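First the structure, in the form of structure tokens, and then the observations on it.
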Protein chains: 2
Amino acid sequence: MGRPKSPLLTSERIRTSALDIIDGEGLEALSMRRLADALGVRAASLYNHVATKEALLHELADGVMSTVDTSGFAEHWTTGLERWARSYRAALAAHPNLVPFMASGPARREIALSRADAVHGGLTSAGWPPRYATMIGASTKYLVVGSAMGSFAGGFVDDAEVYDERFPHLGQAHRLREHAAEIDADSFELALRALVDGLRAQFAQLAASGHES
Amino acid sequence: MGRPKSPLLTSERIRTSALDIIDGEGLEALSMRRLADALGVRAASLYNHVATKEALLHELADGVMSTVDTSGFAEHWTTGLERWARSYRAALAAHPNLVPFMASGPARREIALSRADAVHGGLTSAGWPPRYATMIGASTKYLVVGSAMGSFAGGFVDDAEVYDERFPHLGQAHRLREHAAEIDADSFELALRALVDGLRAQFAQLAASGHES
DNA sequence: ACCTGAACACCGTTCAAGT
DNA sequence: ACCTGAACACCGTTCAAGT
């Protein structure tokens with residue numbers, strides 16, 4: 001015990017196990033000692049493969065972000081924006097316990113940055129002025145991050161009794177928790193559709209004023 | 001030293017000091033020992049006034065939320081929704097370092113709940129079906145929370161050189177950090193306007209189909 | 001009633017030591 | 001090259017003891 005022919009640990013194994021703990025028990029359940037335990041190893045050993053706990057979390061975040069899809073901008077900017085938003089939201093929703101970490105300063109991350117660049121590029125290529133492109137990317141991200149964080153699904157406690165008594169209006173939305181995920185998805189779609197529709201109208205207006213000047 | 005004629009500590013003083021630390025040095029800088037230090041007291045003393053660190057954070061969150069304004073629903077649902085959204089965002093933006101905590105399960109908090117009830121009630125009173133009211137409240141909150149969390153202001157590092165080299169399109173949005181707060185505010189307004197406009201159109205449609213049936 | 005010292009069970013991280 | 005024990009400087013929280 002202690003003289004491996006092949007290494008006991010792998011960055012890959014570490015990441016998988018860490019994400020399992022976070023998904024199953026929450027972000028605060030992940031500690032280096034707890035993670036080492038799950039891997040049948042001592043905490044210090046982890047530092048042969050990972051610089052720091054924070055670095056590990058960033059690696060997990062990059063992995064989650066890798067499924068985000070910006071290919072739609074090749075077709076139309078509305079297609080690109082919607083596909084980006086939906087795949088982004090799906091990526092975050094797949095690991096909700098990691099979202100609080102990811103949402104705090106995500107622009108610092110390489111992958112997040114390159115995505116932002118792809119979105120920005122896709123929008124400017126379609127004819128949006130750079131400043132609009134930045135704002136559109138930002139406000140879409142607000143929607144995605146907000147829906148991933150402050151979701152009904154995560155926020156409401158189990159027994160609805162408490163709510164019925166004191167908050168009559170909320171009580172009217174019966175079985176809130178049961179349909180929480182559905183409400184989240186529908187609310188996100190509602191806002192995304194409104195945003196894209198609003199932008200489409202503004203784009204037409206912008207193009208018209210641009211032609212006549 | 002240790003026999004006070006009047007108590008050294010007050011829940012009020014504790015809250016003020018805690019929020020100062022969070023605002024000035026970040027959420028992770030707040031520890032019970034650090035807080036006790038700032039108050040000229042020992043960590044154990046805090047537990048005479050505060051049940052737990054988490055409870056203290058919830059108290060801070062409630063204080064921040066107390067400035068949120070739902071009075072606009074007395075005038076018109078669009079007025080109510082916009083005033084709620086803007087005051088909500090302003091409240092969060094005043095203490096950005098506390099937002100990651102507040103955004104994780106805010107529906108559990110009493111004040112957040114009563115606000116949600118006020119919004120839901122205001123919308124249904126105006127004629128929105130309960131399910132729509134829930135979705136509108138949710139998607140507006142997504143926008144607010146998302147803009148408070150994933151803001152450009154907090155996300156970008158100081159030297160823009162790094163970005164210019166590798167991400168040409170982002171580089172075009174020059175002096176991004178300098179105008180970050182402005183971009184955040186404008187992006188939020190853009191999305192809020194699009195959402196409210198989109199909802200107004202849908203409301204008219206809904207009222208029409210409701211009358212003819 | 002309120003503050004304290006000491007302790008408990010944790011953290012992330014480092015580092016000399018082993019193989 | 002990789003794993004370990006032991007240590008360092010931290011945590012949140014409890015509790016008997018002091019006034």
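So that the names make sense, note that chain A is the first sequence line, chain B the second, and so on, each numbered from 1. Here the structure is a predicted model, which means the values were calculated and not measured. Every heavy atom of this structure was used, including side-chain atoms; hydrogens, water molecules and symmetry mates were not.
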For atom CD1 of B:Ile14 and atom C1' of C:dC2, their distance in whole Å: 11 Å
Side-chain donor/acceptor of A:Arg83 to backbone N/O of A:Thr70, under 3.5 Å: no
A:Ser87 side chain to A:Trp84 backbone, donor-acceptor under 3.5 Å: yes
Parallel, tilted or perpendicular: rings of A:Phe203 and A:Trp77 (30°, 60°): tilted
Earlier contact from the 5' end, DNA chain C, for B:Arg42 and A:Glu54: B:Arg42
Residues A:Tyr88 and A:Asp69: side-chain donor-acceptor under 3.5 angstrom: no
Strand DNA chain C in bracket notation, Watson-Crick/G-U under 3.5 Å with | for pairs to another chain: ||.|||||...|||||.||
All N/O donor-acceptor pairs, side-chain side in residues 27-42 of chain B, below 3.5 Å, sequence neighbours left out:
unit_1, atom_1, unit_2, atom_2, d
B:Ser31, OG, B:Arg34, N, 3.0
B:Arg34, NH2, B:Glu25, OE1, 3.4
B:Arg34, NH2, B:Glu25, OE2, 2.5

Which nucleotide in C:dC3, D:dT14, C:dT13 has an atom nearest any side-chain atom of A:Ala43: C:dT13
Residue closer to the 5' end of DNA chain C, B:Leu46 versus A:Lys53 (nearest nucleotide): B:Leu46
Selection: residues 26-38 of chain A, any non-hydrogen atom under 4.0 Å of DNA chain D: A:Arg33
Nearest-0.5 Å distance that lies between atom CD1 in A:Ile22 and atom CZ in A:Phe101: 9.0 Å
Atom pair distance, as rounded to whole Å: CG in B:Asn48 and C1' in D:dT14: 12 Å
Closest to side chain of A:Ala44, choosing from C:dC2, D:dA6, D:dT14: D:dA6
Which nucleotide in D:dC3, D:dC15, C:dC3 has an atom nearest any side-chain atom of B:His49: C:dC3
Modelled atom types, side-chain donor and acceptor of B:Thr134 and B:His120, under 3.5 Å: yes
Contact under 4.0 Å: B:Ser45 side-chain N or O vs C:dC2 OP1/OP2: no
Whole angstrom value for the distance that separates C1' of C:dG12 from CG of A:Leu57: 12 Å
B:Glu189/B:Arg89 ion pair, N-O < 4.0 Å: no
Protein-nucleotide distance (B:Leu8, atom CG; C:dC2, atom P), rounded to Å: 11 Å
A:Thr124 (side chain) donor-acceptor with A:Gly121 (main chain) under 3.5 angstrom: yes
